[in-house]
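Accompanying notes for the structure given below.
In what follows, every heavy atom counts, from backbone to side chain, and hydrogens, waters and symmetry copies are set aside. For this chain, numbers begin at 1 and follow the sequence in order. When a ligand or atom number is given, it counts from 1 through the structure's own listing order. From a predicted model like this one, the values you see are computed outputs, not experimental measurements.
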Amino acid sequence: MHTASYYAASSVPQPDYLRLDGEQRCDVCVVGGGYSGLNTAIELAERGFSVILLEARKIGWGASGRNGGQLIRGVGHGLEQFEPVIGADGVKQMKLMGLEAVEIVRQRIERHGIACDLTWGYCDLANKPREFDGFAEEAEALRALGYRHELRLVPPERMHDVIGSDRYAGGLIDMGSGHLHPLNLALGEAAVASALGVQVFEQSPVTRIDYGPEVKVHTAQGSVRAATLVLCCNAYLNDLNPVLGGKVLPAGSYIIATEPLDEDLARQLLPQNMAVCDQQVTVDYFRLSADRRLLFGGACHYSGRDPQDIGAYMRPKMLKVFPQLADVRIDFQWGGMIGIGANRLPQIGRLREQPNVYYAQAYAGHGLNATHLAGRLLGEAISGRESGRFDLFAQVPHITFPGGKHLRSPLLALGMLWHRLKALV
Ligand SMILES: Cc1cc2nc3c(=O)[nH]c(=O)nc-3n(C[C@H](O)[C@H](O)[C@H](O)COP(=O)(O)OP(=O)(O)OC[C@H]3O[C@@H](n4cnc5c(N)ncnc54)[C@H](O)[C@@H]3O)c2cc1C
């Protein structure tokens with residue numbers, strides 16, 4: 001069962017893939033049926049590998065089937081910090097890969113005709129004038145990088161062209177980013193993988209891994225032997241691999257979906273039907289669905305505990321932006337786990353002690369595109385056809401959060417509080 005989200009209620013019919021039963025063998029076993037796992041499986045199957053994908057619950061059950069659906073350029077944050085490790089050229093290559101990541105999603109959808117309401121147009125919203133100044137620099141930097149899509153600055157006095165709210169100090173429109181129905185994308189990708197010969201299994205949580213030159217992956221009723229293993233469980237990894245688990249902190253993010261809005265109201269809120277994100281530390285992100293609901297997302301909870309009533313918690317945030325929605329009904333409310341790494345760069349690599357075990361995780365709230373890039377890089381590296389791009393990511397060290405499984409989240413929450421208090425004084 002999926003979480004009771006708007007996406008689950010509006011998804012294309014979802015096939016039930018079999019549960020793993022008995023012993024299987026393949027070239028590559030992929031664990032996790034979100035975008036990371038699905039795209040890794042697709043990339044490998046396209047390169048001629050036999051692949052088995054194991055998902056603990058349903059395809060798209062994790063963040064991939066629950067997210068804001070905002071498809072936004074770029075990977076990581078502040079990539080210059082990695083220059084001492086990967087050099088200036090490495091930083092540039094990563095930036096280019098951040099642009100390529102969206103193109104991979106675009107091509108996947110177009111090539112396979114995946115019905116997921118893909119809509120182009122995205123706007124960064126400035127909360128403060130100095131953030132708007134930063135947008136001009138960002139646009140310049142993107143153009144210098146060769147970004148081929150239209151970028152347009154929106155001055156404060158023209159913000160109502162983009163959003164029916166008085167809250168923002170300017171915007172940056174990017175016509176190369178956009179939004180889509182995330183669960184339908186995952187389901188479409190599972191169908192693509194399956195058609196390419198990937199054996200997809202659902203309701204098959206991996207309980208144990210025997211590492212070695214050949215890995216053996218165990219589920220309750222079966223096992224898979226494979227030359228190579230790829231772990232794509234992100235924030236839902238739990239104890240499956242403690243080394244990777246220690247580097248990614250699960251944090252809850254939450255979304256509400258209004259009732260369908262009438263055309264005039266929807267057009268007043270987001271006249272150009274763009275996805276938008278603001279610049280707060282904990283961003284507000286929102287957009288319209290294909291049936292004109294406002295999907296309003298935000299918050300970032302490190303406690304591991306969801307708010308008791310997500311609707312009651314999120315609604316005031318939405319009304320701060322759009323007071324005109326005071327009488328509008330909330331039809332759906334849900335949350336999901338994002339995986340956060342300390343330096344905010346997606347963690348794409350292989351285990352030092354087990355070189356035939358690869359992984360991709362820790363995209364924070366910006367994984368829709370980056371997961372697709374991860375799948376491509378893993379496909380390139382595992383097939384041995386091109387490992388330079390993969391190595392750029394794999395070279396960057398990622399610290400293990402202190403505090404062990406139980407203290408990691410409270411310690412980080414304390415750290416965040418400290419930074420917020422410092423910002424106030
Ligand atoms: C509420 C929310 C909003 C977001 N909004 C956006 C957005 O608008 N734009 C954006 O770019 N990003 C967004 N993100 C982030 C994005 O959704 C994720 O980065 C991305 O989906 C991660 O994909 P994934 O495949 O790595 O992980 P997931 O989709 O979480 O998949 C991991 C899968 O692994 C499975 N699994 C775990 N353990 C096992 C096991 N032992 N055996 C078998 N399977 C296992 C899980 O069941 C799960 O299905 C959001 C995330 C959330 C939660």
I'd like to know whether His179 forms a ring-ring contact (aromatic ring centres under 6.0 Å, His included) with Tyr285, so could you lay out the CA-CA distance, the side-chain angles of the two residues, the decisive distance to 0.1 Å, and finally the verdict. CA-CA 11 Å; His179 55 102; Tyr285 52 93; over 10 Å; no
CA sep, side-chain torsions, deciding dist, call: Arg19, Glu55, salt bridge (Lys or Arg N to Asp or Glu O under 4.0 Å) | CA-CA 9 Å; Arg19 184 189 302 252; Glu55 162 55 43; over 6 Å; no
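The closest side-chain donor-acceptor pair between Asn343 and His77, if any, does not fall under 3.5 angstrom.
When Asn234, Asn39, Asn369, Asn241 are checked for heavy-atom proximity to atom 22 (C) of ligand 1, Asn234 turns out nearest. The option with the heavy atom closest to atom 20 (C) of ligand 1, from among Thr3, Ile340, Thr219, Thr371, is Thr371. Among Ser5, Ala374, Gly367, the residue whose heavy atom sits closest to atom 19 (O) of ligand 1 is Gly367. Nearest residue to atom 17 (O) of ligand 1 from Ile338, Asn67, Val283 is Asn67 (criterion: closest heavy atom).
Taking every non-hydrogen atom of Trp61 and a distance limit under 4.0 Å, the qualifying atoms of ligand 1 come out as 47 (O). Short contacts between ligand 1 and Met337, defined as distances under 4.0 Å to a heavy atom of the residue, involve ligand atoms 53 (C).
Only the side chain of Leu240 comes within 4.0 Å of ligand 1, judged by heavy-atom distances. At a heavy-atom distance under 4.0 Å, atoms from both the backbone and the side chain of Tyr236 approach ligand 1. Only backbone heavy atoms of Cys232 (N, CA, C or O) come within less than 4.0 Å of ligand 1; its side chain stays farther off. Contacts between Ala275 and ligand 1, counted as non-hydrogen atom pairs separated by less than 4.0 Å, are absent for every part of the residue.
Ranking protein heavy atoms by distance to atom 1 (C) of ligand 1, first place goes to Ser253 O, 3.5 Å. Protein heavy atom nearest atom 24 (P) of ligand 1, with residue, atom name and distance: Ser36 OG, 3.5 Å. Of all protein heavy atoms, the one lying nearest to atom 47 (O) of ligand 1 is Glu55 OE2, 2.6 Å. Nearest non-hydrogen protein atom to atom 28 (P) of ligand 1 is Ala63 N, 3.7 Å. Protein heavy atom nearest atom 21 (O) of ligand 1, with residue, atom name and distance: Ser64 OG, 3.0 Å. Nearest to atom 36 (N) of ligand 1 among the protein's heavy atoms is Cys233 SG, 3.8 Å. Closest protein heavy atom to atom 9 (N) of ligand 1: Gln70 O, 2.8 Å. For atom 44 (N) of ligand 1, the closest non-hydrogen atom of the protein is Ala56 N, 3.0 Å.
The closest approach between any non-hydrogen atom of Gly365 and ligand 1 is below 4.0 Å. Under a 4.0 angstrom heavy-atom cut-off, Gly335 registers as lying outside contact with ligand 1. Using a non-hydrogen distance threshold of 4.0 Å, Gly297 does not register as a contact of ligand 1. Look at Ala186 and you'll find every heavy atom at least 4.0 Å from all atoms of ligand 1.
Polar contact with ligand 1: absent for Ile255 (N/O pair, distance under 3.5 Å). At a 3.5 angstrom cut-off on N or O pairs, Pro205 does not count as close to ligand 1. Among the atoms of Val206, some N or O lies under 3.5 angstrom from an N or O of ligand 1. Here's the thing with Tyr285: none of its N/O atoms is less than 3.5 angstrom from an N/O atom of ligand 1.
In this structure, the separation between CD1 on Ile173 and CG on Asp124 is 10.5 Å, given to the nearest 0.5 Å.
Under the 6.0 Å distance and 45° angle rule, Lys128 does not count as a cation-pi partner of Phe132.
When all heavy atoms of Ile382 and Phe49 are compared, the closest pair comes out as O-CZ, 3.9 Å.
Between Trp61 and the choices Glu202, Met1, Arg66, the side-chain contact (heavy atoms from CB on, under 4.5 Å) rule is met once, by Arg66.
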